[in-house]
Each structure stands twice: as C-alpha cells, then as structure tokens.
> 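One structure, pasted below without further comment.
Start at 1 and go down the list; that is how both ligands and their atoms are numbered. What's counted below: heavy atoms across the whole structure, side chains too, no hydrogens, waters or symmetry copies.
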Amino acid sequence: MTRLPAKHRTAYINARLLDPASGLDAPGALLAEDGRISDLGPQLFADGVPEGIQTVDCAGACLAPGLVDMRVHIREPGEEQKETMGSAGRAAAAGGVTSVVALPNTDPVIDDVAGVEYIARRAREEKRVKVYTYAAVTKGTEGRELTELGMLGEYGAVAFTDGTKAVASAQVMRRALSYAKTFGHLIVQHPEEPSLAGGAMNGGEMATRLGLPGIPSVAEVMMVERDLRLVELTGGRYHVAHVSTAATVDVIRRAKAHGLNVTCDTAPHYLTLNEIAVGDYRTFAKVSPPLRGEDDRRAVMEGLIDGTIDAIASDHAPHDQESKRLPFAIAEPGIVGLETLLPLSLQLFHSEKIGLLDLLGRITAKPADILGLKAGHLTKGSPADLLIFDLNKAGKIDPDLFESKSKNTPFEGLPVQGRVRRTVVDGRSLFEAA
Ligand code: DOR
C-alpha cells in the first residue's frame, strides 16, 4: 500500500479573524494545510487542536490576509545598490506584505518576455514573498511604440504601466487602452502632464518661498481628464496611480458615477503629509507626484473614505544616500514604504477616519481584485498568505531596523500603533517579530 505524504498543517488559534471582503471580524482560528487555508471560523478548534497539528497561538492578535502592495520599485535589475529582490522580499515580509507588484522602470526596462521571465525567476530563487510584475506600456517607457501587451500578459505581466512616466501621447494611450482591452488587461497611468512636471515640489506659495520650481497640481488632473475621455472612447480598463490632488479625486468620483471602468490608488504619504513636510529642503519628503497642500491631502482622505480611491499602495521607492543627499531640486523623488505601509495605514483607523475592515480591504482584497491576483482573501481554498499583527502595540518608526537597503523615509521617529507579528506565505512563516 502506498502511503500518502503527511500533510503540513498549522493551526492559528486565539486570533481575531479579519477578512475585509466577506466582512468577517470575529474571534476564532484558521487551519492552513499544504499552503492553503482549509478552514477558518469562530468554532474551529473550539474543543482544542488535534494532535499532530502544529499550533501558533495568536494570543488575541489580528489575523488578516497578507498585504498586497500594488506599487513597488524593486530596483532589480539595474540599481541593486538601492534594493534587490532579496532585500525587497525581506522588507515586504517584515512589513506584513505577502504580494508585491514590481514596477517595470528598471534598467533594462521590463518591456519584453525576457524581462518578465527574469523577475519571475529571481523571485523563485529568493523564495520570499510573491512577486508579480507590471510590464511597460511602451518600449523602454519611451512613450512611442507599444509593447506586446497580449504576449506579455500570457507570460505573467499582471498589468501595464510606464512606471514613473506618464504615457504622454494621447494617440499612444488610445492605442494602449484599445489593445489592452482585447486581452482584458489594465493600463496604469502615472498622472502627470510631462510638460508641466519639470519642477521639484508642489507649485504654490511654499515653492516660491523656498525658491524651488513648482509642479502645478493641475498637471495631475489634466492628464487624468484626458485619459478618461480615451477610456470612454475605447472602453478600456484604466487605473490612476498615486492620486495626490482634490481635483483628481473629484474627476475620478464623477467618472465612476458615470460607470467608467476606472480605479485608483494613493500612497500613505499623500494621506498623512502635506507640502509643509518639505520644510527646510528635506529631500526625504521629495516624491513624485509631489506632496500637496492641506486641502488636497484632506480631499485624498475623503476620496479614500468614500471609496473613490480604491487602494493604498506603498509606492516603495528606495534611494541611496547619493541620490538623496543632494540639493532638493536635483535629489531623486521617493520614499521607502514596504515597512511602513501597515502602521501608517492603521493611523487612519486609530484616528477614526475609517473602519478597520474597510481600511484593510484597501491594502488586501481591493488591489488584488483590481489586478486579478489570487490574494487578499481569507477564505477556504485561498493561499495561506497571512498577516498576524498587534493592532494597538505602540512604537516609533525606526529606519535603522528596516530590512530594505534604503532608509529614505520622512517618517523617522513617528509614533505609530500597530506591529507585524508574523508574516506567512503559502503556509510558510517568513517573518516573526522578535
Ligand atoms: O516618488 C516617486 N519615486 N514616485 C515615483 O513615481 C517613482 C519613484 C522612484 O522611482 O523613485
């Protein structure tokens, strides 16, 4: 008689189960078998865990789907001094992120099958969190010639974007939306009219006072308004990355009300900071799009609360000291975000802006569903990609403790509440807090 190999089973008990998509928020337990969730609920293991099953006592901590971060600059290939697949994977696990989606503006750009396969192979070699990738919309992200969207999708690209560059030509965007539509693919836009985006910070009084060239906030909404016309024309699927202005929230809200196929995300820094953070030329507060005025920040928050903004993505943009220790105008834009995504997002819950399940949905099920990833849900049969976290544990953001190779965060020393205890991918524990 052939014996079946014993199943690898782990019981997570004494947890607060949180599944944003189904609305589950209850004390209970979860069973992971061979990398999948096989059962969960308030009654599971009510009479104890049978022998032979490994047990993790969550001691009342929250057990949620692992976070899905739809906007991550891994920097490999090409800028491994800033981040690698390995360091990004460790940073993600430490941050409770079980799925990352890599941006294609690497060196070389991910614009062909070899590039998409390279990312998949490197992720397999590292065996850390799940790494999905975007492919570029245009060859070399140069904005002219479309990539092979259909074939790249077949080889695993989950959506298409030129990363930090907007697709500037209306004609190219029109073709991209039409072409992507035939395959059901999504186009993700960096919302900035390039001819207005030459500045270093938000255009306005503060930029004038600091003597820095400003990027007017209309640069963002102009690009989105143009694209929405093209979405209407083509029926394509369109997603706006890192929304930062009130006007953009407004037009997306109206487009959704008109039934257009549009979604969007923002990053924690657009919800928690405004241009004042630039203060004394702090390059850690330089991002693209730039931090805006307080009215914009509030409107972005409103957009998140009312569901106009679907998801929060870290926009993890690691930079080394050489790229940031420069005069503000020429420093690189970007903030590392994988290890601060959860605590910064939880601030919105702790300050009673948004309910816990709703908030968690924006960093789990929503981004996963927008990109069609099998992630972000705590349901039977789903991969056991789990995040166990203390909701109330107080601490301070300390970049010295980051696993990321880069430490460029304006949030150093910020008191936060919420800490990752354990991160599990396909049933495998990848991170455990000390
Ligand atoms: O601030 C940013 N930095 N925004 C982007 O869109 C790109 C990123 C980077 O690559 O550093």
> Applying side chain to side chain donor-acceptor pair (under 3.5 Å), can you list everything that pairs with Thr84, at least two apart in sequence or on another chain?
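By the side chain to side chain donor-acceptor pair (under 3.5 Å) rule, Thr84 matches Ser87.
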
> If you count the non-hydrogen atoms of other residues, nucleotides and ligands that lie under 6.0 Å from CZ in Arg174, is the total more than 12?
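No, not enclosed.
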
> What does the list of residues with a heavy atom under 4.0 Å from ligand 1 look like, ordered by chain and number?
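For ligand 1, the contacting residues are Arg71, His73, Arg75, Thr164, His190, His242, Val287, Ser288, Ala317, His319, Pro333, Gly334.
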
> Going from OG1 on Thr138 to CE on Met173, what distance comes out if it is rounded to the nearest 0.5 angstrom?
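These two atoms lie 10.0 Å from each other.
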
> Please identify each residue that fulfils side chain to side chain donor-acceptor pair (under 3.5 Å) with Lys139, with sequence neighbours left out.
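Testing Lys139 for side chain to side chain donor-acceptor pair (under 3.5 Å), a comparison that skips the adjacent residues, returns Glu145.
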
> Could you note down all residue pairs passing salt bridge (Lys or Arg N to Asp or Glu O under 4.0 Å) where residues 325-353 supplies at least one of them, sequence neighbours left out?
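Of all non-adjacent pairs touching residues 325-353, none passes salt bridge (Lys or Arg N to Asp or Glu O under 4.0 Å).
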
> Do Asp315 and His73 touch side chain to side chain, with heavy atoms closer than 4.5 Å?
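The answer is yes, as the side chains (C-beta and beyond) meet within the 4.5 Å cut-off.
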
